[in-house]
Amino acid sequence: MTLRAALCALSRAVRPGGCGGLPLSRTLQVCGATIHASHPRQGSTYTPPPARYGGRHTVTLIPGDGIGPELANHVRELFWFCCVPVDFELVNVDSSLTAEDDINNAIMSIRRNGVALKGNLETNHNLPPSYKSRNNLLRTSLDLYANVMHCQSLPGVKTRHRNIDIMIIRENTEGEYSSLEHESVPGVVECLKIITRVNSLRIADFAFQTARQNGRRRITAVHKANIMKLGDGLFLECCKEVASGYPDIAFDTLIVDNATMQLVSRPQQFDMMLMPNLYGNVVSNVCAGLVGGPGLVPGANHGEHYALFEAGTRNTGRSIANRNSANPTAMLLASCLLLDHLKLPAYAHMIRRATLSTVTETRMHTADLGGQASTSDVIKSIRNAIQSTGPLTQSI
Amino acid sequence: INKVLNSIMCDLSLFQPLPAKYGGRHTVTLIPGDGIGPELLNHVREVFRFSCVPVDFEVVNVNSAMTSEDDINNAITAIRRNGVALKGNIETNHTMPPSVKSRNNLLRTSLDLYANVMHCQSLPGVQTRHKDIDILIVRENTEGEYSSLEHESVTGVVESLKIITRTNSLRIADYAFKLAREKGRRRVTAVHKANIMKLGDGLFLQCCREVASGYPDLQFDAMIVDNTTMQLVSNPEQFDVMVMPNLYGNVVSNVCAGLVGGPGLVPGANYGKDYAVFETATRNTGKSIAGRNIANPTAMLLASCMMLDHLKKSYFFSYVKNLCLNCKCVSSLQLHTADIGGQGTTSEVVQSIMKLIQSKGQLTTDL
């Protein structure tokens with residue numbers, strides 16, 4: 001079993017494009033010293049993602065479960081309203097089916113379009129363990145190795161902490177999420193946590209590139225190398241190697257328990273954080289909680305060839321589904337990240353500004369932020385904000 | 001004096017003496033550890049001597065710089081002999097080869113201290129962003145991600161094994177529910193990540209549910225670890241007792257410690273079937289503040305109180321505990337150390353605690 005796992009990891013590691021692959025949209029801006037294996041599609045100029053025809057992009061849309069469908073609808077309506085040149089190709093994935101056809105269709109669609117926007121797909125705990133998490137399948141099949149989440153305190157949202165601005169880079173494909181478990185002796189389960197050199201170098205490189213692009217000064221690697229000496233020790237070693245190639249960016253490390261304690265008492269000290277999969281999950285949720293909750297933070301999953309955008313904390317929101325009370329901010333900001341990726345900054349800026357002004361200035365807050373507005377109220381307010389700033393829109 | 005005599009009589013009737021009690025005095029192993037450990041444990045000894053607590057400490061030094069395991073084996077033998085220990089954290093040097101296992105971990109696994117209990121309570125007088133927190137965290141202490149089983153079968157690919165067993169999960173769940181019942185708690189929350197680690201955390205969850213069915217008076221629910229940490233940060237008052245495997249326990253206990261005021265305030269206890277080891281809950285070495293007389297002694301003192309409780313010296317326990325709480329109640333910032341925003345030194349805090357003990361009339365040696 002272990003040999004098979006090792007071989008799987010090895011086959012994943014040996015991949016055309018090698019380490020240090022960059023997301024498509026960031027090629028032009030890189031001026032780092034390291035040389036990377038060249039992307040097959042990139043030349044010296046920007047290559048647009050595929051599925052752009054007649055000036056219009058096609059983006060895969062996976063509504064998901066819970067609040068996903070209603071929020072995806074709102075995004076579509078808003079895009080139509082703002083005349084954004086994006087067409088959505090809707091792919092429904094039914095999470096209750098055990099067959100993998102649905103998710104394979106979705107993966108094929110994303111391969112075709114290059115970009116996707118999705119809601120969270122529910123993982124039913126009662127189904128047998130052979131049924132893998134659909135979200136996880138998506139991420140690993142498309143090799144979306146970097147999850148980026150930017151947590152920022154928004155003025156106008158009441159939180160206990162102020163002035164938080166943390167960017168979290170989380171390894172997205174290996175670590176504890178390898179789904180490799182077995183029960184060799186009844187009653188004793190072994191879960192494998194895989195850390196590979198290739199993936200660790202890749203994610204560290206991505207982090208440092210992103211830091212440079214966004215003008216960040218300091219990266220903190222979060223680990224538990226005092227206990228998992230080989231695993232997290234390897235991760236740490238790779239981070240240090242990559243850090244030596246970026247002398248302008250400060251690099252330090254922190255054990256995960258200390259990191260979470262610091263986050264809770266003094267989150268302003270962190271700038272950018274880099275970590276393997278599970279710690280990334282916990283830390284990103286803590287940060288989301290610190291800035292105001294899961295309804296405010298968008299997340300992006302980047303791979304060498306594809307990009308997938310979603311709400312940062314990947315909640316299904318089953319209990320508030322179809323009640324018109326979900327907070328659309330996270331999904332809308334995720335769609336702005338999507339527009340940035342598609343090199344449509346004007347539209348991205350427009351929608352982002354309107355969304356943020358609704359949250360911070362108009363203070364139209366949904367229930368999760370302590371207000372009483374419904375989702376449609378917030379959307380209407382955003383549309384008004386967009387229309388009032390002048391660009392061409394459809395009539396309301 | 002009557003009250004004290006009565007309580008002694010009550011204690012004697014139910015008293016099951018632990019080993020290493022001779023002439024009415026207990027012997028407890030003391031492992032100073034590194035960083036702020038030695039100075040804090042000295043203060044504990046001072047306070048104990050001052051309050052005439054019938055406990056003798058057997059000091060066992062463990063040198064974390066040495067690769068040989070003799071030191072830690074001596075410590076383990078001493079704890080086996082005495083049954084109870086009080087320890088500071090022993091540093092784990094990352095630069096040493098992986099064959100040098102974490103000393104703290106070795107202690108816990110050799111003595112099979114399977115339950116780590118941490119009680120996070122908002123203390124009045126300590127300025128925090130959250131109020132009214134009262135969470136009991138029960139964390140599996142021997143297996144899970146801390147099994148130290150790793151290998152590199154292919155160069156550049158490391159596999160770390162996370163072990164979850166049925167017996168240990170049943171054991172820790174049972175401990176959690178018993179503790180909840182004993183302390184009059186209503187609700188136990190299991191923290192897991194079974195949507196991803198279906199077999200592993202799935203087994204843990206299953207065991208918790210089985211045990212929960214035997215305690216119908218206690219409410220049981222389960223929460224995924226990422227949601228838990230987010231809820232802890234926004235709304236920690238909703239949690240009562242939490243039970244979880246090792247790594248999540250580490251993270252969640254540190255988050256809770258941060259919420260109630262920091263690592264200097266919360267004591268932790270590690271219980272096994274035959275032994276008990278007490279220490280600060282967040283197991284910090286405090287290397288950067290060692291020797292500067294600014295460490296917060298509260299966590300270590302409260303840990304020693306928990307130890308006294310374990311030794312069935314309950315009248316001492318409530319006494320000294322009230323003392324520590326009184327120290328926090330005192331609004332004068334002089335009695336807060338730097339980590340909670342004050343300017344007091346460790347020795348000042350300890351002196352004021354001893355003065356308070358004296359003022360309550362208990363028999364003490366001279367200050």
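Reminder, nothing fancy here: chain letters follow the sequence lines and each chain counts from 1. Just so it is clear, the structure is predicted and the values come from calculations on it, not from any experiment.
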- Largest heavy-atom contact set with chain A, pairs under 4.5 Å, which of B:Lys193, B:Glu91, B:Glu143, B:Arg283: B:Lys193

- Query: What part of A:Val282 is in contact with chain B, defined as an atom under 4.5 angstrom from a non-hydrogen atom: side chain, backbone, both or neither?
  - Reply: both

- Query: What part of B:Asn284 gets closer than 4.5 Å to chain A, counting heavy atoms only: side chain, backbone, both or neither?
  - Reply: side chain

- Query: Does any heavy atom of chain A fall under 4.5 Å from the side chain of B:Leu232, the backbone, both, or neither of them?
  - Reply: neither

- Taking the side chain as C-beta and beyond, is there a heavy-atom pair between B:Leu149 and A:Glu190 under 4.5 Å? no

- Query: Side-chain contact, heavy-atom cut-off 4.5 Å: A:Val188 with B:Ile163?
  - Reply: yes

- Task: Tell me, for A:Leu263 versus chain B, whether the close heavy atoms (under 4.5 Å) come from the side chain, the backbone, both or neither.
- Result: neither

- Message: Could you check whether any side-chain N or O of B:Arg129 sits under 3.5 Å from a backbone N or O of A:Ser265, counting only pairs where one atom can act as donor and the other as acceptor?
- Response: yes

- Task: Using non-hydrogen atoms and a 4.5 Å limit, figure out which bit of A:Tyr279 sits close to chain B: side chain, backbone, both or neither.
- Result: side chain

- Does any heavy atom of chain B fall under 4.5 Å from the side chain of A:Leu234, the backbone, both, or neither of them? side chain

- Task: Take atom NZ of A:Lys158 as the centre, draw a 6.0 Å sphere, and report whether it contains more than 12 heavy atoms from other residues, nucleotides or ligands.
- Result: no

- Message: Do B:Val157 and A:Ile194 have side chains that approach each other closer than 4.5 Å (heavy atoms only, starting at C-beta)?
- Response: yes

- Task: Output the option from A:Met228, A:Arg197, A:Glu122, A:Arg266 having the highest count of non-hydrogen pairs under 4.5 Å with chain B.
- Result: A:Met228

- Query: So do the side chains of A:Asn315 and B:Met230 get within less than 4.5 Å of each other, counting heavy atoms only?
  - Reply: yes

- Query: Under the 3.5 angstrom rule, does the side chain of A:Glu181 hit a backbone N or O of B:Lys198 as a donor-acceptor pair?
  - Reply: yes

- At a heavy-atom separation under 4.5 Å, does A:Thr313 approach chain B through its side chain, its backbone, both, or neither? side chain

- Item | Under 3.5 Å: donor-acceptor pair, side chain of A:Arg160, backbone of B:Ser234 | yes

- Message: So for A:Pro186, is it side chain, backbone, both, or neither that comes closer than 4.5 Å to the heavy atoms of chain B?
- Response: neither

- Highest number of heavy-atom pairs under 4.5 Å with chain A among B:Ile196, B:Leu259, B:Asn227 belongs to B:Ile196

- Among B:Cys207, B:Pro263, B:Ala257, B:Gly262, single out the residue with the greatest number of heavy-atom pairs under 4.5 Å to chain A. B:Pro263

- Query: With a 4.5 Å heavy-atom cut-off, do B:Thr165 and A:Val189 have their side chains touching?
  - Reply: no

- More than 12 heavy atoms of other groups within 6.0 Å of B:Asp132 CG: no

- Message: Can you confirm whether B:Leu247 sits close enough to A:Leu278 that some side-chain heavy atom of one is under 4.5 Å from a side-chain heavy atom of the other?
- Response: yes

- Item | Engaged part of B:Val255 at the chain A interface, taking heavy atoms whose separation is under 4.5 Å | both

- Could you check if a side-chain atom of A:Arg314 sits within less than 4.5 angstrom of a side-chain atom of B:Asp226, using non-hydrogen atoms only? no

- About how many Å separate OG1 of B:Thr229 and CG of A:Asn281, when rounded to the nearest 0.5 Å? 7.5 Å

- Message: At a 4.5 Å cut-off on heavy atoms, which part of B:Leu161 comes close to chain A: side chain, backbone, both, or neither?
- Response: both

- Heavy-atom nearest pair, A:Gly231 first then B:Ser160, reads CA-OG, 4.0 Å

